[in-house]
Amino acid sequence: MGATIVIGGFFGDEGKGKIISYLAQKDDPTIVVRGGAGPNAGHTIKDGDKTFKVRMLPSGFLNKNSRVMIGPGVVVNPDVFLKEINDFGTDGRSFLDNNCGIIEKHHLEDDSKGRLKEKIGSTGSGTGPANAERAMRTLKMAKEIDSLQKYIIDVPLEINNALDRNENILIEGTQGTHLSLWHGTYPFVTTKDVTASGICADVGIGPKRIDDVIVVFKSYLTRVGTGPMAGELSAEETSQKGWEEFGTVTGRLRRAAEFDFELASRAIMLSSANQISITKLDVRFPDCAGAQSLDELGADAKSFIKNIEDKLGVKVTLIGTGAGVNDIIDLRT
Ligand code: IMP
Ligand code: MG
């Protein structure tokens, strides 16, 4: 299987965390490595009756055999990083790169007020101001922070060596394609490129070493923060459809709309995705809840999936049918 990368195809919150935690258990990668912007991304993972909200560590940490790593392109809040290692019990197998940038108190303050908060609707996590400082070359790096020393590793070297040994590597993207600083709805975007290429650069792997690019789309569209979203539903319509969601990091009510084929098609193009994952099919079609095979899907759900494959020309290989890690239909061969 080599290197598999999972990215978001819409505006983030596609349900990547659940897909990644499933792949981390099923494919048993030796390393799960996270790219993306920083702790502005929240992934929610459910394991049995336990719910984990992850902002800094890769969502693949549930597999106790996997080492989890954060690539040098990601800015790290040391408090969040250390707290998650403690809360999730992953000390000894959690690492970050020497060159991860560091979020400090003043970045959090700058991100929680003024233009970033009001116009862009930033998450207030300090990610944007830290990335801005990185571009100015004044940002502190992980290697300068005492409390992080024992977690530091050369992430690009580790993952490329693992691939040389024919191990499986899972690369975890954050946010979604249309929040990309280069390709998204600028200025209503995050502060990094979050397409597959950007995530590869974040963790230090070249494009020829990627075997599979899985783009994740939710069965409907949501967006938090400001910025354009065609066909946006009113709060009332959203709640009638049962598509009401609240942000993992910010708790904000997410804006919602129908599945958007134009956005999906562009996401596939930008990341050369060869597999599609559709999440939360059970929210659209409650009769699908917990299904683990195509046979268990009702006619409407089946034709929804078929229509996506026909219109987008890429195979749907993973279908999420509930919040649990194993509520999934896995059609990969
Ligand atoms: P920032 O990345 O915190 O600066 O926020 C910029 C924009 O990206 C805002 O609209 C945020 O709501 C959005 N955003 C950033 N990270 C995520 C994410 O992981 N999921 C969804 N939206 C995000
Ligand atoms: Mg999220």
Side-chain angles (χ1 to χ4, degrees), residues 6-21 34-46 51-59 70 73-77 80 84 101 103 107-135 172-195 198-199 202 216-218 220-229 232 243-257 263 267 277 279-280 320 323:
V6 179
I7 57 144
F10 286 150
F11 295 105
D13 308 317
E14 298 92 355
K16 293 180 292 297
K18 180 249 164 67
I19 298 300
I20 290 160
S21 56
R34 174 165 165 155
N40 50 352
H43 292 161
T44 305
I45 303 163
K46 249 183 127 176
T51 301
F52 300 98
K53 289 186 188 290
V54 193
R55 291 176 56 195
M56 212 60 269
L57 291 180
S59 309
I70 302 175
V74 181
V75 290
V76 169
N77 179 328
V80 179
E84 290 187 359
I103 297 176
H107 300 124
L108 288 163
E109 286 162 6
D110 291 348
D111 207 15
S112 304
K113 59 176 193 224
R115 186 180 161 279
L116 285 177
K117 190 84 222 157
E118 279 139 37
K119 181 170 181 211
I120 311 295
S122 70
T123 57
S125 59
T127 303
N131 277 323
E133 248 206 73
R134 181 152 193 163
E172 172 170 336
T174 60
Q175 282 85 31
T177 301
H178 301 283
L179 286 177
S180 162
L181 183 59
W182 304 156
H183 303 290
T185 54
Y186 186 91
F188 307 103
V189 292
T190 190
T191 46
K192 294 284 299 289
D193 176 32
V194 290
T195 62
I199 301 293
D202 288 343
V216 183
F217 301 120
K218 194 154 58 184
Y220 46 94
L221 194 65
T222 60
R223 178 166 199 167
V224 286
T226 52
M229 185 167 70
E232 181 168 355
W243 296 354
E244 220 165 33
E245 295 180 4
F246 296 89
T248 302
V249 174
T250 56
R252 292 179 293 192
L253 176 66
R254 292 176 182 155
R255 302 153 63 201
L263 294 180
S277 171
T279 60
K280 300 208 178 189

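Start at 1 and go down the list; that is how both ligands and their atoms are numbered. The figures here come from the full heavy-atom set of this structure, side chains too, leaving out hydrogens, waters and symmetry mates. Along the sequence shown, the residues carry numbers beginning at 1.
- The contact set between ligand 1 and G121, taken as ligand atoms under 4.0 Å from a residue heavy atom, comprises 9 (C), 10 (O), 11 (C), 12 (O).
- Side-chain contact between K16 and H43 is present, with heavy atoms from C-beta onward closer than 4.5 Å.
- Residues L181 and D193 fail the side-chain proximity criterion, which asks for heavy atoms closer than 4.5 Å.
- Contacts between L179 and ligand 1, counted as non-hydrogen atom pairs separated by less than 4.0 Å, involve the side chain only.
- Against a heavy-atom cut-off of under 4.0 Å, V224 is close to the following atoms of ligand 1: 10 (O), 12 (O), 21 (C), 22 (N).
- The name of the N, O or S atom in D13 nearest to the Mg ion (ligand 2) is OD1.
- Closest approach of F11 to R223, counting heavy atoms only: CE2-NH1, 3.1 Å.
- Taking only nitrogen or oxygen atoms, main chain and side chain alike, D111 does not reach within less than 3.5 Å of ligand 1.
- Checking N131 against T191 by side-chain atom types alone, a donor-acceptor pair falls below 3.5 Å.
- Partner of Q175 under the side chain to side chain donor-acceptor pair (under 3.5 Å) criterion, chosen from T190, T127, N40: N40.
- Residue contacts with ligand 1: G128 is excluded, as none of its non-hydrogen atoms falls under 4.0 Å.
- Close contacts of ligand 1 with F11, meaning ligand atoms under 4.0 Å from a residue heavy atom, involve 21 (C), 22 (N).
- The number of heavy-atom neighbours closer than 6.0 Å to NZ of K46, taken from other residues, nucleotides and ligands shown, is 12 or below.
- Of the N or O atoms in T191, none lie within a sub-3.5 Å distance of an N or O in ligand 1.
- Taking the six-membered ring for Trp and thresholds of 30 and 60 degrees, Y220 and W243 have nearly parallel ring planes, at less than 30 degrees apart.
- Only the backbone of V189 comes within 4.0 Å of ligand 1, judged by heavy-atom distances.
- Across R223, H43, Q175, R55, heavy-atom proximity to atom 18 (C) of ligand 1 is greatest for Q175.
- Closest protein heavy atom to atom 3 (O) of ligand 1: T123 OG1, 2.7 Å.
- Looking at S122 and D111, their side chains do bring a donor and an acceptor atom within 3.5 Å of each other.
- For F188, the closest heavy-atom approach to ligand 1 does not fall below 4.0 Å.
- Counting only heavy atoms of the protein, atom 19 (O) of ligand 1 lies nearest to A41 CA, 3.1 Å.
- In the vicinity of T190, heavy-atom distances shorter than 4.0 Å reach the ligand 1 atoms 2 (O).
- Residues R255 and T226 have side chains that never bring a donor and an acceptor to within less than 3.5 angstrom of each other.
- Checking only distances, S122 never comes within under 3.5 Å of ligand 1, N or O to N or O.
- Within the listing of ligand 1, atoms 20 (N), 21 (C) sit less than 4.0 angstrom from a heavy atom of D13.
- Residue contacts with ligand 1, taken as heavy atom pairs separated by less than 4.0 Å, involve R252 solely via side-chain atoms from C-beta onward.
- Using a 4.0 Å cut-off to heavy atoms of I120, the atoms of ligand 1 that qualify are 6 (C), 9 (C), 10 (O).
- Residues I7 and T174 form no side-chain contact, since every pair of their non-hydrogen atoms from C-beta on lies 4.5 Å or further apart.
- Remark: E245 engages K218 in a salt bridge, criterion side-chain N to carboxylate O under 4.0 Å.
- T177 and A267 make their closest contact through OG1-CB, 3.7 Å (heavy atoms, listed as atom of the first residue, atom of the second, distance).
- Not one N/O/S atom of K16, from backbone or side chain, sits under 2.8 Å from the Mg ion (ligand 2).
- Ligand 1 does not have T127 within reach: every non-hydrogen atom of the residue lies 4.0 Å or more from it.
- The two residues L57 and E172 come nearest to each other via the heavy atoms O-OE2, 4.4 Å.
- Using a 4.0 Å cut-off to heavy atoms of G225, the atoms of ligand 1 that qualify are 10 (O), 12 (O).
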